[in-house]
Amino acid sequence: MKNIGLIGCGNIAETYFRAQDYFNNINFIACADKFSEAAKKCADQYKIKSLTVDEILNDSDVDVILNLTIPQAHYEISKLALESGKHVYSEKPMSIKYEEAKELVDLANKNNLYIGNAPDTFLGGGGQVARQFVDRDNIGQVLTGNFIFAFPGVQEFHPNPDSWFQSGGGPVIDMGPYFFTTLVNLLGPAKNVRSRGKKFSNQRNYLVGPKKGQSFDVEISTSVMFDVEFENEAIVQGFISFDVQNHARNHMELYGTKGSIVVPDPNMFGGPVLLSRELGSEWQEISVEDKYLGKTNIVNHSGRSNEAPKQSNYRGVGLSEMIYSIENKKQHRCNGNLALHVLDIIESTIIASETKKEINLRSTCNQPIPLTEEEVKLLLKDK
Ligand SMILES: NC(=O)c1ccc[n+]([C@@H]2O[C@H](COP(=O)([O-])OP(=O)(O)OC[C@H]3O[C@@H](n4cnc5c(N)ncnc54)[C@H](O)[C@@H]3O)[C@@H](O)[C@H]2O)c1
């Protein structure tokens, strides 16, 4: 069990507090935000201490800082945490700049501290069962594939969508971590990217909250198309967009020499995984409802922006597994090298779209080790 100090009491904080009910080693004791009102509200609701950022970093009872600030603040807050001698687990992406994230990984190593990063969704039943099909040669060698995340944009549900549309924001920074982490889990590290991005308008309107009806500036490409080549020679095409009203494509499909799979939503933990080994054959549907982290745990829409009506959401397992790893002196799955490589892919797609050139990645990482049901059980409160 470790004591957690949370910095960034916004939208996603509630989902992490829920993780305390699922996992046996997460204990929130304090929270902070640059707006003290946000921290006070959160502290009152969850009966923990409300502190300033400085106070939480210097609180000797806090073992791990959970960084739930906006992407543009991740580097600053994670760096302060590591300099204060705290382990840190951050929401995605690790930073908005590769060089900054690399500095964080180096700093954590130097200070003998753990640095962990979301997304942890690939540890869910959907991601792990898909991984088994790839590893056990059910579809042969994966040669190609594609994925899509496309919707009208964060302004649809978020009262403060501005940061998603400013430099350091954008659809690839926001959603790329889920898709690229899932691909690295399934295929291993990538080696180069090509990309094309476009900004279709300079302004958007707030659609919810107190600023509804007013407009804000758009600084970044809101639609990006790319292809990624992996070290194992697979090539995968992707499309991430805040410009699509609706679509009917699968989240991700991978095509191997012996068959194809449909990988479930990389933004969530559930399934099913679809498998087909023959042209024109029925798709076999493999449920993951019997997996600890695949079972549907949300049946009515909770109002949480990141959840569909029926979902499996076990966000926080990456934090829990990091705490377990700290206590057992092991390498954690959602580690700094994986997150750094994913950020390298993200930043390289942005550079590739600007320069119109193929970009070789600077980094590599180990493919995460599959997470077994026995290992998940060690983290759960109710088995
Ligand atoms: N909202 C979602 O559905 C969702 C889902 C998964 C992951 N995430 C990720 O979680 C992170 C937070 O997202 P959110 O939707 O909760 O954002 P948010 O804007 O609702 O909340 C962020 C909070 O961080 C605070 N903050 C910003 N900079 C700070 C600083 N320098 N010091 C202290 N506090 C600071 C803000 O005041 C705000 O309260 C992002 O990285 C996002 O990508 C969000």
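Here the closest heavy-atom approach between residue Thr69 and residue His74 is recorded as O-NE2, 2.6 Å. Counting all heavy atoms, side chain and backbone alike, Val62 lies closest to Gly5 at CG1-N, 3.6 Å. Scanning both residues, Ile173 and Ile350, for their nearest heavy atoms gives CG1-CD1, 4.3 Å. For the residue pair Val88 and Ser78, the shortest heavy atom distance occurs at CG2-OG, 3.8 Å. Between Trp283 and Ser260, the closest heavy-atom pair is CZ3-O, 3.6 Å. Val184 and Cys365 make their closest contact through CG1-SG, 3.8 Å (heavy atoms, listed as atom of the first residue, atom of the second, distance).
Looking at heavy atoms from C-beta onward, Ile369 lies in side-chain contact with Arg333 at the 4.5 angstrom threshold. Taking 4.5 Å as the limit, every side-chain heavy atom of Ile359 sits out of range of all side-chain heavy atoms of Asn192. Residues Lys291 and Gln128 are not in side-chain contact: their nearest non-hydrogen atoms beyond the backbone lie 4.5 Å or more apart. For the pair Leu183/Val228, no side-chain contact is recorded, criterion being any heavy-atom separation below 4.5 Å from C-beta on. Between Val244 and Pro152, every side-chain heavy-atom pair lies at or beyond the 4.5 Å cut-off.
Hydrophobic clustering (side-chain heavy atoms under 4.5 Å, transitive across Ile, Leu, Val, Met, Phe, Trp, Tyr) keeps Leu6 apart from Leu82. Leu66 and Ile115 are not part of a single hydrophobic cluster, where members link through side-chain heavy atoms under 4.5 Å apart. No continuous path of hydrophobic side-chain contacts links Phe133 to Leu143 [ILVMFWY only; heavy atoms under 4.5 Å]. In terms of hydrophobic clustering, with Ile, Leu, Val, Met, Phe, Trp and Tyr side chains grouped at heavy-atom distances under 4.5 Å, Val262 and Val134 are assigned to different clusters. In the hydrophobic clustering of ILVMFWY residues, with side-chain heavy atoms under 4.5 Å counting as a link, Met252 and Tyr255 come out apart.
The structure places NZ of Lys41 at 7.0 Å from CD of Gln45, a figure rounded to the nearest 0.5 Å. Rounding to the nearest 0.5 Å places CG of Leu104 at 6.0 Å from CE of Met94. Between atom CD1 of residue Ile261 and atom CD1 of residue Ile286 there is a gap of 9.0 Å, rounded to the nearest 0.5 Å. A distance of 12.0 Å separates CE of Met225 from CG of Asn146, quoted to the nearest 0.5 Å. Between the NE2 atom of His87 and the CE atom of Met322 there is a distance of 7.0 Å, given to the nearest 0.5 Å. Considering CG of Leu57 and OG of Ser84, their distance stands at 4.0 Å, rounded to 0.5 Å.
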Kindly determine whether Phe165 and Phe242 satisfy ring pair (Phe, Tyr, Trp, His ring centres under 6.0 Å), including the steps that lead there. CA-CA 10 Å; Phe165 294 88; Phe242 287 172; 5.6 Å; yes
Could you go through Glu14 and Tyr16, starting from their C-alpha distance and side-chain angles, then the distance that decides it, and tell me whether this counts as side-chain hydrogen bond (donor to acceptor under 3.5 Å, both in side chains)? CA-CA 5 Å; Glu14 181 189 4; Tyr16 277 88; over 6 Å; no
For a side-chain hydrogen bond (donor to acceptor under 3.5 Å, both in side chains) check, start with the C-alpha distance between Gln203 and Asp217, then their side-chain angles and the critical distance, and finish with the verdict. CA-CA 5 Å; Gln203 292 213 309; Asp217 291 337; 2.8 Å; yes
Under the criterion side-chain hydrogen bond (donor to acceptor under 3.5 Å, both in side chains), I'd like the reasoning laid out for Asn160 against Lys211: C-alpha separation, chi angles, the key distance, then a yes or no. CA-CA 9 Å; Asn160 297 307; Lys211 288 178 267 184; 3.3 Å; yes
Report the C-alpha separation of Phe147 and Phe149 in whole Å, then their side-chain angles, then the decisive distance to 0.1 Å, and conclude whether the ring pair (Phe, Tyr, Trp, His ring centres under 6.0 Å) test is met. CA-CA 7 Å; Phe147 66 87; Phe149 176 86; over 10 Å; no
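Side chains of Asn3 and Asn27: a donor-acceptor N/O pair is present below 3.5 angstrom, by distance only. In this structure, a donor-acceptor pair under 3.5 Å is absent between the side chains of Asp135 and Gln132. Side chain to side chain, His158 and Asn11 meet the donor-acceptor criterion of an N or O pair below 3.5 Å. If you check the side chains of Thr349 and Ser195, you find no donor sitting under 3.5 Å from an acceptor.
Of the charged side-chain nitrogens involved, none lies within less than 4.0 Å of a carboxylate oxygen, so that Lys295 and Glu289 do not count as a salt-bridged pair. Using a 4.0 Å cut-off between charged nitrogen and carboxylate oxygen, Asp243 and Lys198 do not count as a salt-bridge pair. Between Asp227 and Arg196, none of the side-chain N atoms (NZ, or NE/NH1/NH2) sits under 4.0 Å from a carboxylate O, so this pair counts as no salt bridge. Salt bridge status for Lys258 with Glu278: absent, with no side-chain N to carboxylate O gap under 4.0 Å. A salt bridge is absent between Lys191 and Glu231; no separation between the charged side-chain nitrogens and carboxylate oxygens falls under 4.0 Å. Under the 4.0 Å criterion applied to side-chain N and carboxylate O atoms, Lys79 and Glu103 are assigned as salt-bridge partners. Note on Asp120 versus Arg315: no salt bridge recorded, every NZ/NE/NH1/NH2 to OD/OE distance being 4.0 Å or above. We find that Lys49 and Asp59 are joined by a salt bridge, their nearest charged nitrogen and carboxylate oxygen being less than 4.0 Å apart.
Side-chain atoms of Asp33 come within 3.5 Å of backbone atoms of Cys9 as a donor-acceptor pair (strictly under, hydrogens ignored). Looking at Glu327, its side chain does come within 3.5 Å of a backbone N or O of Met1 through a donor-acceptor pair. In this structure, Asn328 contributes its side chain and Tyr324 its backbone to a donor-acceptor pair below 3.5 Å. Looking only at distances, a side-chain donor or acceptor of Ser312 sits under 3.5 Å from a matching main-chain atom of Gly294. Put simply, the side chain of Glu375 gets close to the backbone of Thr372: a donor and an acceptor are under 3.5 Å apart. A donor-acceptor contact shorter than 3.5 Å links the side chain of Asn335 to the backbone of His332. Side chain of Lys102 to backbone of Ser363: no donor-acceptor contact under 3.5 angstrom is found. No donor-acceptor pair under 3.5 Å is formed between the side chain of Ser221 and the backbone N or O of Val224. Looking only at distances, no side-chain donor or acceptor of Ser320 sits under 3.5 Å from a matching main-chain atom of Gly316. Under the 3.5 Å distance criterion, the side-chain polar atoms of Gln72 are matched with a main-chain donor or acceptor of Ser163.
Residue Phe200 qualifies as enclosed at atom CZ: its count of foreign heavy atoms under 6.0 Å is above 12. Within 6.0 Å of CD on Glu282 lie no more than 12 heavy atoms contributed by other residues, nucleotides or ligands. For Lys2, the NZ atom counts as densely surrounded, since its 6.0 Å shell holds more than 12 non-hydrogen atoms of other residues, nucleotides or ligands. For Asn366, the CG atom is loosely surrounded, since the number of other residues' heavy atoms within 6.0 Å does not exceed 12. Under a cut-off of 6.0 angstrom, the local environment of CG in Leu274 is crowded, with over 12 non-hydrogen atoms contributed by other residues, nucleotides or ligands.
Here the two rings, on Tyr22 and Tyr314, have centers that are under 6.0 Å apart. A ring-centre distance under 6.0 Å is found for Phe180 and Phe226.
Stacking of Arg362 on the aromatic ring of Tyr98 is recorded, both the 6.0 Å distance cut-off and the 45° axial limit being met.
For the ring pair (Phe, Tyr, Trp, His ring centres under 6.0 Å) with Phe28, the qualifying choice from Tyr46, Phe23, Phe17 is Phe17, the only one to do so.
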